[in-house]
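Within every chain, numbering begins at 1; the chains are lettered A, B, ... in the order of the sequence lines, protein sequences first and strands thereafter. Side-chain atoms are counted along with the backbone in the values below, which use heavy atoms only and exclude waters and symmetry mates.
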Amino acid sequence: MGLQLFDSKEQQLRDFVPLKAGVVEMYVCGPTVQSAPHLGHLRSALVYDLLRRWLKATGLEVILVRNVTDIDDKVLVNAGSRDWLEFAREVEQTFIDAYNNLWILEPTHAPHATEHIDDMIALTKKLIDRGHAYQAEDGSANVFFHSASWPSYGELTNQKLENMEGEPESSFGRRSPQDFALFKAHKPEEPESAAWQTPWGLARPGWHIECSAMAKHFLGEAFDIHGGGLDLRFPHHENELAQSRAAGDHFANFWLHNALVTINGSKMSKSSGNGVSVEELLEQGSWAAIRYWLVSAQYRSNLDYTKASIKDAQAALERIVGFIKRVGATGKDVDLTKLPEDFIQAMNADLNTPLALAVLHESVRAGNTAFDNGDSKEVEAQVEAVKAMIHVLGLSKAYQEPEVSKEFKAQIEELIAKRQQAKTAKDFNTADKIRAELEGLGVIIKDLPNETIWSING
RNA sequence: GGUGGAGUGGCUGAGCGGCCCAAAGCAGCAGCCUGCAAAGCUGUAAAACCACGGGUUCAAAUCCCGUCUCCACCUCCA
């Protein structure tokens, strides 16, 4: 059976078939670059990275668009007296760094909202022409989508218009409480650089129109998958869907929503101030361990962060990496035809990564047992399977040599050789001293039967 | 009030009608390895009565009804 994905619009598993044979077009909501990322942001990006890797592994080409919302109320507020765009770029860089460290592949396109204002204006015009949007009745440059004009409004989240609370009726010139902004009129207290000349006056785009416009720009009127965090289902995705459909586009064929990272059972978020930063995480374990942890739950399950989370993940990951190193198979070659059937089925079942990890660990154990028994044929079979699996999960780099300077490497190897000499001479004092010295350099050594291997601490 | 989702061993977390007296990992314990460590490897206990109470079924963690608890979302903002 092929890949099945849970479509949150249909609220069921559906067989995934790309609209165009051989190519998958995905749009994922990226961050609003208002402050540095926390675990929740990382999970979201990672989930779609994982999906992308799996689609590629099954032979499909993937075009992934992940936007950057670089104009937004909070960006302007948090920039304070600084140039807001410069601030936004700086924050964006902290996201890019974190993505890179987590081995999240670069998207095919990573458009900035501010670079697609024309697309947004065009889409908004179309909506006005079709009678689904209007300029604010107070004469300002505010433009709203008229939710009541679109009969299927609410279809994504199965809600009825009358049950939605909405904004106070007259605020900013809207006709009804459930109408949302497509463009927001420039405010005197905001910098002029944060406003654009539109047919309705000086204004900046609302959040929802950005994604509709950029998705259309890069992927056209219909594309395969729209992804994002569960907290974006409403209003953001509901509004995107309404806008794009009202403008005559089919829009996304599948809607995917990843569950949230919680801490003590509650959503991790900026506003509640319980976000766990990258710095705090790295005290618990490596980037690889963080990635492993994020993969250890199925993407639609909440993932609860505790103090031990990353440490546990590190231990589990090292078991896998240890096996590969132990049998000396650290080469980069990977053969995806060696993926076990159970693993493939787990991934095809809406990316059941915990089950996939179980298959992986079973392979590791079988491989280790074979190694102890000197069954080199079995060892080879298992290690190839393991490498293929962790390649798919994006964890391959965990076993590859750390990138250090040649000089440093030579120094380490010399110390290890000296220690070996001391050990052979049964001069254990010297041997222990050297071990301590290596630890001082941040290097942890492990004595294997025939050799000593080392790694960088953390 | 509305809409979705969740409650499984000490912890994380799969399973969603029979293969479940419930995967995998972590932690624990034992053995192996070691100059000693660390790490590693192998094996493994337990009362997981699968939130609680009913029901359907030859068969339920899995389906149905009820109850409790928790989480997310409900529009210029995640």
So if I take every side-chain heavy atom of [X] and compare against [options], which nucleotide ends up nearest?
X	options	answer
A:Gln34	B:G25, B:U75, B:A78	B:A78
A:Arg419	B:G4, B:C36, B:A14	B:C36
A:Asp231	B:A78, B:G25, B:G2	B:A78
A:Pro354	B:A14, B:G35, B:G43	B:A14
A:His38	B:C41, B:A78, B:G35	B:A78
A:Ala316	B:G35, B:C26, B:U42	B:C26
A:Leu260	B:C77, B:G25, B:A72	B:A72
A:Asn302	B:C71, B:G40, B:A14	B:C71
A:Gln11	B:A23, B:G4, B:U75	B:G4
A:Asp304	B:C74, B:G5, B:G13	B:G13

Can you check whether [X] has a side-chain N or O nearer than 4.0 Å to OP1 or OP2 of [N]?
X	N	value
A:Ser301	B:A14	yes
A:Arg319	B:U42	yes
A:Lys267	B:C73	yes
A:Asn368	B:U42	yes
A:Lys184	B:C77	yes
A:Asn163	B:C74	no

Name the nucleic acid region contacted by [X], choosing base, sugar-phosphate or nothing; use a 4.0 angstrom heavy-atom cut-off, strictly under.
X	answer
A:Lys74	sugar-phosphate
A:His257	nothing
A:Glu162	nothing
A:Asp432	base
A:Leu360	nothing
A:Ala358	base
A:His237	nothing
A:Ser8	nothing
A:Thr157	sugar-phosphate

Heavy-atom side-chain contact between A:Arg43 and A:Leu303 under 4.5 Å: yes
Any donor-acceptor pair under 3.5 Å joining the side chain of [X] to the base of [N]?
X	N	value
A:His208	B:A78	no
A:Asn352	B:G13	no
A:Arg435	B:A38	no
A:Tyr153	B:U75	yes

Whole-Å distance separating the [atom1] atom of [X] from the [atom2] atom of [N]:
X	N	atom1	atom2	result
A:Lys160	B:C73	NZ	C1'	17 Å
A:Gln159	B:U3	CD	C1'	5 Å
A:Leu161	B:U3	CG	C1'	14 Å
A:Gln382	B:U42	CD	C1'	16 Å
A:Asp312	B:A24	CG	P	17 Å
A:Leu232	B:C77	CG	C1'	12 Å

Step-by-step salt bridge (Lys or Arg N to Asp or Glu O under 4.0 Å) determination, A:Lys423 to A:Asp432: CA-CA 9 Å; A:Lys423 278 174 69 178; A:Asp432 286 351; over 6 Å; no
Whole-angstrom distance between [N] and [M], as gauged at atom [atom1]:
N	M	atom1	value
B:A46	B:A24	P	15 Å
B:U62	B:G9	P	15 Å
B:C21	B:C49	C1'	10 Å
B:G18	B:C63	P	11 Å
B:A78	B:A38	P	50 Å
B:A45	B:C29	C1'	8 Å
B:U44	B:G7	C1'	29 Å
B:G5	B:G10	C1'	26 Å

Base paired to [N] (Watson-Crick or G-U; both N/O distances under 3.5 angstrom):
N	result
B:A38	none
B:C73	B:G2
B:G17	none
B:C68	B:G7
B:G28	B:U44

Close aromatic pair by centroid cut-off 6.0 Å: A:His208 and A:His237: no
Parallel, tilted or perpendicular: ring planes of A:His38 versus A:His41, cut at 30 and 60 degrees: tilted
Given RNA chain B, 5'-ward residue of the pair A:Ala297 and A:Lys426, judged by closest heavy atom: A:Ala297
Closest-nucleotide ordering on RNA chain B, the 5'-leading residue of A:Ala366 and A:Lys187: A:Ala366
Polar side-chain atom of A:Asp304 near backbone of A:Val261 as donor-acceptor pair, under 3.5 Å: no
A:Arg291 side chain vs A:Leu102 backbone, donor-acceptor pair below 3.5 Å: yes
Residues A:Asp372, A:Arg326; criterion salt bridge (Lys or Arg N to Asp or Glu O under 4.0 Å); working and verdict: CA-CA 11 Å; A:Asp372 289 342; A:Arg326 187 177 181 223; 2.5 Å; yes
Qualifying residue for ring-ring contact (aromatic ring centres under 6.0 Å, His included) with A:Phe145, from A:Tyr134, A:Phe180, A:Phe183: A:Phe180
Residues A:Glu280 and A:Ser277: side-chain donor-acceptor under 3.5 angstrom: yes
Carboxylate-amine/guanidinium contact A:Arg174 A:Glu137, below 4.0 Å: no
